[in-house]
Amino acid sequence: MPKVSYSLPDGTVHDVDVPCGQSVMDGSVRNNLPGIVAECGGSCSCATCHVFVEDGQSFFDEPTDEERELLEFADGVRPDSRLSCQLILTDDCQGVRVTVPDTNG
Ligand code: FES
């Protein structure tokens, strides 16, 4: 099962096993980690699931136009910014590390 490492705004790091087919957002919300708010529940319409993907962009499909447009409204966007509800885990996703910004609320 893919393991995702979440670096949270408080400086803590949480390693979580997330089943294939679930998103990076699911893994955070289902384990009650703070920082990924996911207001829209994963339908790519809120941008409160913003994360930075470290070394891992290639694990995931390229962002859709919809995701790119939403990210324009997120605070603190960087080149490695993604919406974590759009990052679906597969068996190839070993060692995914994401950083959760403190601006998702
Ligand atoms: S949960 Fe709303 S855009 Fe990802």
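Counting starts at 1 for both ligands and their atoms, following the listed order.
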> Which residues pass the side chain to side chain donor-acceptor pair (under 3.5 Å) test with Thr99, sequence neighbours left out?
Replying inline: Glu54
> side chain to side chain donor-acceptor pair (under 3.5 Å) with Asn104: which residues, sequence neighbours excluded?
Replying inline: none
> At what distance, to the nearest 0.5 angstrom, does CG of Leu71 lie from CZ of Arg78?
Replying inline: 12.5 Å
> Closer than 2.8 Å to atom 2 (Fe) of ligand 1, which protein N, O or S atoms?
Replying inline: Cys40 SG, Cys46 SG
>> Going by the rule side chain to side chain donor-acceptor pair (under 3.5 Å), which residues pair with Ser7 if we only count those two or more places apart in sequence or in a different chain?
In response: none
> What pair of heavy atoms forms the shortest contact from Ser5 to Val13, and how long is it?
Replying inline: OG-CG1, 3.3 Å
> Where do Arg68 and Glu62 come nearest, in terms of heavy atoms and distance?
Replying inline: NH2-OE1, 4.2 Å
